[in-house]
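Everything numeric in this text was worked out from a predicted model, so none of it was measured. Only heavy atoms go into these numbers, but all of them, side chains included; no hydrogens, no water, no symmetry mates.
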Amino acid sequence: MTISGTESRLDGLALTYLPEDLGAPSDFVTEWEGVDCTQRVWETEIEPGSWRVDLQVQVMRAPRLKDLEALKEFLVEYHERGDDWSPSAFGDDGFASEREIARLIEPGLAVEVRDPFERKGFEAVKAVAEGIRYPE
């Protein structure tokens, strides 16, 4: 769904598109290895007491995120991936793998959109990632 009226915002960035039927959102603020992370997670209760993540959007801020290579190195460490993780290019400012897209908005500011359980699909991840920008 395109968000009309008031856009959803996360850590100073506008989320201009979110897919339909997302569960309840929760926000988390953490710091990991010098990177400040603000994350919004949407979850749906799939059976009583059992929840599944629908979508995650994370804003990351740190001087160490100076370019795409530095962003990739951070995400390899953060998600505990092997050195063989090789995402493909996503436009001029990002990269993608099968369930996520990461973009460098500017040096020191990056975003990551993930669908860890394949609940919304890659096209939804792509649309969300493409729609993240500074508010107008």
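- Going from atom CZ of Arg81 over to atom OG of Ser97 covers 5.5 Å, rounded to the nearest 0.5 Å.
- Closest of all the heavy-atom pairs between Pro135 and Gly12 is CD-O, 3.2 Å.
- Note that the NZ atom of Lys72 and the OG atom of Ser86 stand 6.5 Å from one another [nearest 0.5 Å].
- At a threshold of 4.5 Å between non-hydrogen side-chain atoms, the residues Val29 and Asp36 do not count as touching.
- Residues Thr16 and Arg133 meet the side-chain proximity criterion, which asks for heavy atoms closer than 4.5 Å.
- Of all heavy-atom pairs between Arg64 and Ala70, the closest is O-CB, 3.2 Å.
- Within the model, atoms CD of Glu77 and CD of Glu73 stand 7.5 Å from one another, a figure rounded to the nearest 0.5 Å.
- A continuous path of ILVMFWY side-chain contacts below 4.5 Å connects Leu10 to Tyr17, so both sit in one hydrophobic cluster.
- Between the side chain of Glu45 and the backbone N or O of Gly49, at least one donor-acceptor pair lies under 3.5 Å.
- The side-chain contact (heavy atoms from CB on, under 4.5 Å) search around Ser50 returns Ile46, Glu47, not counting sequence neighbours.
- Under a hydrophobic clustering in which Ile, Leu, Val, Met, Phe, Trp and Tyr are joined whenever their side-chain heavy atoms come within less than 4.5 Å, directly or via other members, Val59 and Ile105 fall into the same cluster.
- Hydrophobic clustering, with ILVMFWY side chains joined whenever heavy atoms are under 4.5 angstrom apart, groups Leu22 together with Val57.
- Using a cutoff of 4.0 Å between basic side-chain nitrogens and carboxylate oxygens, Arg103 and Asp93 are scored as salt-bridged.
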Let me have the donor-acceptor pairs involving side chains of residues 113-121, under 3.5 Å, with sequence neighbours excluded, atom names and distances please.
| from | atom 1 | to | atom 2 | distance (Å) |
| --- | --- | --- | --- | --- |
| Arg114 | NH1 | Gln56 | OE1 | 3.2 |
| Asp115 | OD1 | Glu118 | N | 3.1 |
| Asp115 | OD1 | Arg119 | N | 2.8 |
| Asp115 | OD2 | Arg119 | N | 3.2 |
| Asp115 | OD2 | Lys120 | N | 2.8 |
| Asp115 | OD2 | Gly121 | N | 2.7 |
| Glu118 | OE2 | Arg99 | NE | 3.4 |
| Arg119 | NE | Asp54 | OD1 | 2.7 |
| Arg119 | NH2 | Asp54 | OD1 | 3.2 |
| Lys120 | NZ | Glu20 | O | 3.3 |
| Lys120 | NZ | Asp21 | O | 3.1 |

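- Residues meeting the side-chain contact (heavy atoms from CB on, under 4.5 Å) test with Asp92, sequence neighbours left out: none.
- The side-chain contact (heavy atoms from CB on, under 4.5 Å) check on Lys126 picks up Phe90, Ile101, Phe122, Glu123, Glu130, with sequence neighbours excluded.
- Residue Phe74 is found in a hydrophobic cluster whose other members, listed by chain and number, are Trp32, Val35, Met60, Leu65, Leu68, Leu71, Leu75, Val76, Tyr78, Trp85, Phe95, Leu104; membership requires side-chain heavy atoms under 4.5 Å apart, directly or through intermediates.
- Sequence neighbours left out, not one pair with a member in residues 48-72 passes ring pair (Phe, Tyr, Trp, His ring centres under 6.0 Å).
- Partner Val111 forms a side chain to side chain contact (heavy atoms under 4.5 Å, CB included) with one of Leu13, Val128, Leu15 and no other, that one being Leu13.
- When side chains are defined from C-beta on, Arg40 counts as touching Asp27, because their heavy atoms get closer than 4.5 Å.
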